[in-house]
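Accompanying notes for the structure given below.
Order of the sequence lines fixes the chain letters, A, B, ..., with proteins taken first and strands second; residue numbering starts at 1 for each chain.
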Amino acid sequence: MGTLQASTSYSIGFGISSLAALPKPSTRRCVTVAKMEPSEKSVEVMRKFSEQYARRSGTYFCMDKGVTSVVIKGLAEHKDTLGAPLCPCRHYDDKAAEAQQGFWNCPCVPMRERKECHCMLFLTPDNDFAGEEQTISMEEIKETTANM
Amino acid sequence: MKISSKKQSLDEVYIDSCHELSVPVLTEETWDSLVLNATEPVVVEFWAPWCGPCRMFHPVISELAKQYTGRVRCFKLNTDDSPTVASRYGIRSIPTIMIFVNGEKKDAIIGAVPKTCLTASIDRFL
């Protein structure tokens, strides 16, 4: 059985940019079973980090802030449980070892080197899903993930 | 990508997210019976709860499930709940879609791609 190497994973960027737009903002989403909620403190840390890094890298949040919110919470959850904001959009055979190694800790190496964020947290302006904002409030995060 | 094809995919992507309920969930316990021993081709979405793009992608899988009713079985597998299966199939980036025929992995599509990419792949196995 072939194994998907990390190098192939970036095809997500192309796939996403070829889509026209998102489903409408998703405050009324009715599914998605979330696991344990991250601490409010870590969510706030990752929220601030995300705003700062978007500004610094010249990237923008997704036009569906629900995507942004879910990823920020995922980073916060990993910060709580692993001590590092490991990318929540990948599967790892050993999460603790990955967090220790650091390649996929946010901002991951592909983001830092090539502005590639397959999690869609930081989108370059030419991405079809990029919104116009580099800020997200705690209220927005709570609101867009309320039904999870 | 031309503008016209982008517009087309907008309609394809937007589906009421409540339809997500229609895609049944796979676990490690049900993997063999529902995927490996299935008589029809099987499409599996590997996803995780804190993956933003997955959240966007669920409606596409729901739509596929409806479109191929009776011909293809569509499932979702939470990689946090079933890490062994995800590791066995070398899942890295999420979401990843895999297509199985007679229990054998035939294709893997990585990322929140347009529905047309998935249907093109699935149609090859029907």
Neighbour count above 12 (heavy atom, 6.0 Å) for [X] [atom1]:
{"X": "B:Asn102", "atom1": "CG", "result": "no"}
{"X": "A:Arg47", "atom1": "CZ", "result": "yes"}
{"X": "B:Arg124", "atom1": "CZ", "result": "yes"}
{"X": "B:Gln67", "atom1": "CD", "result": "yes"}
{"X": "A:Glu40", "atom1": "CD", "result": "no"}

Write down the atom of A:His91, the atom of B:Ser87, and the distance for their closest heavy-atom approach. NE2-OG, 2.9 Å
Please name the pair of heavy atoms, one in A:His118 and one in B:Ile94, separated by the smallest distance, quoted to 0.1 Å. CD2-O, 4.5 Å
With side-chain contact (heavy atoms from CB on, under 4.5 Å) as the test, pick out the partner of B:Trp50 among A:Cys119, A:Pro88, A:Cys89. A:Pro88
In Å and rounded to the nearest 0.5 Å, what is the CE to CG distance from A:Met36 to B:Asp80? 10.0 Å
When rounded to the nearest 0.5 angstrom, what distance separates CZ in B:Arg55 from OG in A:Ser69? 7.0 Å
B:Met56 and A:Val70, any side-chain heavy atoms less than 4.5 Å apart: no
Electrostatic pair B:Arg92-A:Asp93, nearest N-O below 4.0 angstrom: yes
Using a 4.5 Å side-chain heavy-atom cut-off and chaining through intermediate ILVMFWY residues, the residues clustered with A:Ile141 come out as A:Val43, A:Val45, A:Met46, A:Phe49, A:Tyr53, A:Phe61, A:Val71, A:Ile72, A:Leu75, A:Met111, A:Leu121, A:Phe122, A:Ile136, A:Met138
